Colleague: 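Here's a structure for you.
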Amino acid sequence: MGLLWLLILIGLGALVYFGVKGRIIRLREEFEQAMRKATQGRRSSLPSEDMIKCPTCGTYSAPGQTKNCGKQGCPYR
C-alpha cells in the first residue's frame, strides 16, 4: 500500500513538473515573438532630424526649433 502511494505521488509530481515546464517554454516563445514584432515596427516609425549647433553657446537644437539662447551674439532671434 505504501509503495503504491509513493508511485502515485511521484507520477503526480512529474505530471505537474512537466506541465509547468511546458507552459514556461510556451510563454517564453510568445514573449520573444512579441518583442521581435515590437522592435521591427519601431525602427522606421520614428522621424529623425539632424541637430544643429549654436556657434555662440554650443547647445544643439532641431532646425525648426532654434531659439535665442540669451547670450550676446546669438544668431537666432
Side-chain angles (χ1 to χ4, degrees):
M1 184 76 176
L3 183 62
L4 179 63
W5 279 106
L6 182 63
L7 289 175
I8 291 173
L9 285 176
I10 290 173
L12 286 174
L15 185 67
V16 168
Y17 172 77
F18 288 113
V20 169
K21 184 177 177 182
R23 181 67 181 146
I24 289 172
I25 290 171
R26 282 191 304 272
L27 284 173
R28 184 178 297 142
E29 290 171 354
E30 289 174 9
F31 176 74
E32 289 173 355
Q33 183 181 14
M35 290 300 293
R36 272 187 254 118
K37 279 185 180 180
T39 57
Q40 284 176 352
R42 191 178 300 171
R43 289 184 189 140
S44 62
S45 65
L46 294 176
S48 62
E49 294 183 25
D50 290 331
M51 303 294 277
I52 56 172
K53 183 178 179 180
C54 176
T56 305
C57 63
T59 59
Y60 288 88
S61 62
Q65 298 176 347
T66 54
K67 294 182 182 177
N68 189 348
C69 62
K71 293 189 178 182
Q72 192 173 21
C74 182
Y76 308 112
R77 301 269 176 215

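The shown structure was predicted, so the numbers you read here are calculated from the model rather than taken from an experiment.
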Colleague: Who passes side chain to side chain contact (heavy atoms under 4.5 Å, CB included) against Ile25, sequence neighbours left out?
Modeller: Lys21, Glu29

Colleague: Hey, what do you get for CG (Leu3) to CD1 (Ile8), rounding to the nearest 0.5 Å?
Modeller: 10.0 Å

Colleague: So how far is it from Ile10 CD1 to Leu15 CG, rounded to the nearest 0.5 Å?
Modeller: 13.5 Å

Colleague: With sequence neighbours excluded, what pairs up with Leu27 under the side chain to side chain contact (heavy atoms under 4.5 Å, CB included) test?
Modeller: Arg23, Glu30

Colleague: Could you pull out all residues at least two apart from Tyr60 that satisfy side chain to side chain contact (heavy atoms under 4.5 Å, CB included)?
Modeller: Met51, Lys53

